[in-house]
Amino acid sequence: MNQHDRIPGRSSADNHAGDSQVADLSTVQLVERLTTQVSTLVRTEIDAGLAEVKSKGSRLGLGVGISGAGALLLFLGLATAIATAVLGLATVLSAWLAALIVTVVVLAIGGILAAVGASRAKKALPPVPADTAARVSDDISAVKEGIR
């Protein structure tokens with residue numbers, strides 16, 4: 001498939017059959033034709049990019065929702081485990097000291113996890129419509145090649 005085949009409403013046969021007709025067109029007609037084709041191409045690429053971003057956003061939203069429900073259950077289970085640790089340690093130490101020791105350990109683990117998570121989040125790439133960006137780059141290259 002060449003670059004002309006991607007123009008909506010135009011087949012390869014239309015483009016090749018129209019090559020002889022292009023020579024008969026005036027400069028103004030050629031510029032009008034180019035303007036129409038470029039605006040159609042730009043609109044098509046923008047629509048494709050928006051569709052790609054919407055699709056990725058929908059999948060992301062569903063994944064975040066399911067992960068959120070799982071995270072809530074993990075949180076409740078962890079809270080129960082922490083209470084169990086305090087009660088278990090309270091059989092050996094005073095209740096307040098057992099609660100303090102468990103609190104310090106939980107805060108230390110939470111701080112480490114938060115630092116690691118923040119570091120990973122900084123390295124994450126922003127969501128971009130990569131397929132559309134690649135097609136636009138191809139379009140620009142084809143236009144540059146056509147100008148030569």
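Please read these numbers as outputs of a predicted model, since none were measured by experiment.
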Partners passing side-chain hydrogen bond (donor to acceptor under 3.5 Å, both in side chains) against [X] (at least two apart in sequence or in another chain):
| X | value |
| --- | --- |
| Gln29 | Ser26 |
| Arg59 | Ser55 |
| Thr36 | none |

Which atom pairs, one a donor and one an acceptor, fall under 3.5 Å between side chains of residues 61-81 and the rest of the protein, sequence neighbours left out?
unit_1	atom_1	unit_2	atom_2	d
Ser67	OG	Gly63	O	2.9
Thr80	OG1	Leu76	O	3.0

Check your understanding: Listed by chain and number, what are the side-chain contact (heavy atoms from CB on, under 4.5 Å) partners of Ile46, not counting sequence neighbours?
Key -> Val42, Leu50

Run the side-chain donor-acceptor check on residues 93-110: report pairs under 3.5 Å with partners two or more places apart or on a different chain.
unit_1	atom_1	unit_2	atom_2	d
Thr103	OG1	Ala99	O	2.7

Check your understanding: OG1 of Thr84 to CG of Leu89: how many Å apart, nearest 0.5 Å?
Key -> 12.5 Å

Review point. In Å, rounded to the nearest 0.5 Å, how long is the span from CD of Glu32 to CD of Gln37?
Key: 12.0 Å

Point to revise | Result of checking Leu41, Thr35, Leu34, Thr40 against Val38 for side chain to side chain contact (heavy atoms under 4.5 Å, CB included) | key: Leu34

